[in-house]
Student: 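To start, I am sharing the structure in question, which I have written as structure tokens.
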Amino acid sequence: MPELPDVENYHRYLTDHGLKREIADVGIGSAKVLDHISGKDLAAALKGRRMVEARRHGKHILASLDDGQWLHFHFGMTGFFAAFDDPNTDSAHDRLRFDFADGGHLAFDNQRLFGRVGLTQDPADFIEEKELGPDALAIDADSFIAAFKEKRGQVKAALMDQSLLAGIGNIYSDEILYDAKLHPKTPVPDLDEDALETLYKSMRRVLEMAIERGAGFEGVEQRVPDTWLLPHRQDGESCRRCGGTIRSIKIQSRTAYYCPDCQPAP
DNA sequence: AGTACCACCTGACGGC
DNA sequence: TGCCGTCAGGTGGTAC
């Protein structure tokens, strides 16, 4: 699930449920999600600490601790946070659990174990090490256009390139291109300034509305407009905009869905 | 630089 | 019903 809109909602969830609470203990459900740190060391670093501030950059969440260190979270292909008051209730795939001194806990649920959690001294260093570009919702139109003017290759691949722009994945790149009526294989150099501006506006519109409609929580397909691609991402489905037939193709070994009528081949 | 393929994991789904 | 191949919203490494 987790692309920018989903992660933004998890970021807000963490802000509401994880900050300012004293961490009494840390439970390790699976050490596979630990990024270059042992469960023992992570627990030792967190006991007695509180998270103070949470930020999001692309698909990553960074949360400061009251001793100046930062936790970083990435969900991989599955996952979310879930908070509980009842110590006996828990998330199905709880891989890392923060047990708070107030008796509640927060689970980092990560079914497929592609997620990662670790510690870093500085968010800026972390972003640089991961070679992340600017966050897709933080970049302004001029910088977006400038960055894409330097880019080659297919537009869908460019949108998903985390070093160019951080936060967009397979689902939302399809949605943005559907909104902008661009074929996913369109070469970026074919896009003139107006087309890039349109693409930028589509990106913002899609990401912002997805956040607003509760991306990352169950049932988001029903809450986004029916004129979106998301509720109809299936080969043979009909396009709600033009009546065409939704098709899938492989781009960078990922399945891309689009409407061949609305999004004509370049 | 861009793209293709593999690997890492778990689980759901369709076909037989 | 049960087994098996395939596929899933991410990323990192390798190779061409």
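Chain A is the first sequence line, chain B the second, and so forth, proteins listed ahead of strands; every chain is numbered from 1. Below, each value reflects all heavy atoms present in this structure, side chains not excepted, and no hydrogens, waters or symmetry copies.
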Student: Using a cut-off of strictly less than 4.0 Å, decide whether His93(A) has a side-chain nitrogen or oxygen near OP1 or OP2 of dT10(B).
Tutor: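 Looking at the OP1 and OP2 atoms of dT10(B), neither is under 4.0 Å from any side-chain N or O of His93(A).
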
Student: Could you walk me through whether Lys151(A) and Asp161(A) pass the salt bridge (charged side-chain N to carboxylate O under 4.0 Å, His left out) test, one step at a time?
Tutor: CA-CA 10 Å; Lys151(A) 188 76 177 164; Asp161(A) 180 349; 2.7 Å; yes

Student: Starting at NZ of Lys59(A) and ending at P of dG9(C), how long is that distance when rounded to a whole Å?
Tutor: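 Going from NZ in Lys59(A) over to P in dG9(C) covers 11 Å.
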
Student: Decide whether Gln69(A) and Gln121(A) meet the rule of one side-chain donor and one side-chain acceptor closer than 3.5 Å.
Tutor: yes

Student: Would Phe114(A) pass as stacked on dT11(C), i.e. its ring centre under 5.5 Å from the base's six-membered ring centre and planes under 30° apart?
Tutor: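 A stacking contact does not exist, since Phe114(A) is not both close and nearly parallel to the base ring of dT11(C).
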
Student: With rounding to the closest Å, how many angstrom separate the P atoms on dC3(C) and dC9(B)?
Tutor: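 After rounding to an integer number of Å, I get 24 Å for this pair.
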
Student: Check every strand shown and say whether Thr78(A) touches a base, only sugar-phosphate, or nothing at a heavy-atom separation below 4.0 Å.
Tutor: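 Since no nucleic acid heavy atom lies under 4.0 Å of Thr78(A), the category is nothing.
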
Student: Where the side chain of Gln162(A) is concerned, which of dG12(C), dT11(C), dG9(C) is the nearest nucleotide?
Tutor: dT11(C)

Student: Applying the salt bridge (charged side-chain N to carboxylate O under 4.0 Å, His left out) test to Lys47(A), which of Asp41(A), Asp99(A), Asp25(A), Asp67(A) qualifies?
Tutor: Asp25(A)

Student: Picking from dG12(C), dC9(B), dG9(C), which would you name as closest to the side chain of Lys32(A)?
Tutor: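 So the side chain of Lys32(A) is nearest to dC9(B).
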
Student: Expressed in angstrom and rounded to an integer, what is the separation of Asp35(A) atom CG from dT11(C) atom C1'?
Tutor: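 Checked: the CG to C1' distance equals 12 Å.
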
Student: Within this structure, what is the CZ-to-P distance between Phe73(A) and dT11(C), rounded to whole angstrom?
Tutor: 17 Å

Student: State, with a plain yes or no, whether a side-chain heavy atom of Phe73(A) is found less than 4.5 Å away from one of Leu62(A).
Tutor: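 No, too far: nothing below the 4.5 Å cut-off.
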
Student: Nearest whole angstrom, please: distance from the P of dC7(C) to the CD1 of Ile249(A).
Tutor: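 Value for this atom pair: 16 Å.
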
Student: Could you tell me the separation between the CG atom of Leu113(A) and the C1' atom of dC8(B), rounded to a whole number of Å?
Tutor: 10 Å

Student: Does Phe144(A) reach the side chain of Glu197(A), with side-chain heavy atoms less than 4.5 Å apart?
Tutor: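 They are not in side-chain contact.
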
Student: Identify the pairs formed between an N or O of the protein and an N or O of nucleotides 2-5 of chain B at a distance under 3.5 Å, and give each distance.
Tutor:
| residue | atom | partner | partner atom | Å |
| --- | --- | --- | --- | --- |
| dG2(B) | OP1 | Arg152(A) | N | 2.8 |
| dG2(B) | OP1 | Arg152(A) | O | 3.2 |
| dG2(B) | OP2 | Lys151(A) | NZ | 3.1 |
| dT3(B) | OP1 | Gln154(A) | N | 3.3 |

Student: Under a single-linkage definition using a 4.5 Å side-chain heavy-atom cutoff for Ile, Leu, Val, Met, Phe, Trp and Tyr, are Tyr10(A) and Leu207(A) assigned to the same hydrophobic cluster?
Tutor: no

Student: Could you go through Glu237(A) and Arg233(A), starting from their C-alpha distance and side-chain angles, then the distance that decides it, and tell me whether this counts as salt bridge (charged side-chain N to carboxylate O under 4.0 Å, His left out)?
Tutor: CA-CA 7 Å; Glu237(A) 260 269 21; Arg233(A) 275 183 114 253; over 6 Å; no

Student: Mind checking who dG9(C) pairs with, Watson-Crick or G-U wobble, both distances under 3.5 Å?
Tutor: none

Student: What is the base-pairing partner of dG2(B), counting Watson-Crick and G-U wobble geometry with both distances under 3.5 Å?
Tutor: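 Across any shown strand, dG2(B) pairs with dC16(C).
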
Student: Near DNA chain B, which residues from residues 229-237 of chain A have a heavy atom under 4.0 Å away?
Tutor: none

Student: Check whether Leu199(A) and Val188(A) end up in the same hydrophobic cluster, where Ile, Leu, Val, Met, Phe, Trp and Tyr are linked by side-chain heavy atoms less than 4.5 Å apart.
Tutor: yes

Student: Consider the side chain of Met77(A), meaning its heavy atoms from C-beta on, and name the nucleotide among dA8(C), dT10(B), dT11(C) that approaches it most closely.
Tutor: dA8(C)

Student: In whole Å, I'd like the distance from the CD1 atom of Ile171(A) to the P atom of dG9(C).
Tutor: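 Going from CD1 in Ile171(A) over to P in dG9(C) covers 6 Å.
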
Student: Going only through I, L, V, M, F, W and Y residues with side-chain contacts under 4.5 Å, is there a path from Leu119(A) to Phe81(A)?
Tutor: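 Yes; Phe81(A) is reachable from Leu119(A) via cluster members.
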
Student: Between dT10(B), dG12(C), dT11(C), spot the one nearest the side chain of Lys130(A), thanks.
Tutor: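 The answer is dG12(C), which lies nearest to the side chain.
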
Student: Run the salt-bridge test on Glu193(A) and Lys149(A) with the 4.0 Å N-O cut-off and return the result as yes or no.
Tutor: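 Between Lys149(A) and Glu193(A) there is a salt bridge, with a charged N closer than 4.0 Å to a carboxylate O.
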
Student: Rounded to the nearest angstrom, tell me the gap between atom CD in Gln111(A) and atom C1' in dA8(C).
Tutor: 10 Å

Student: Grab the CZ-C1' distance between Arg112(A) and dG12(C) for me, whole Å please.
Tutor: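 One finds 15 Å between C1' of dG12(C) and CZ of Arg112(A), rounded.
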
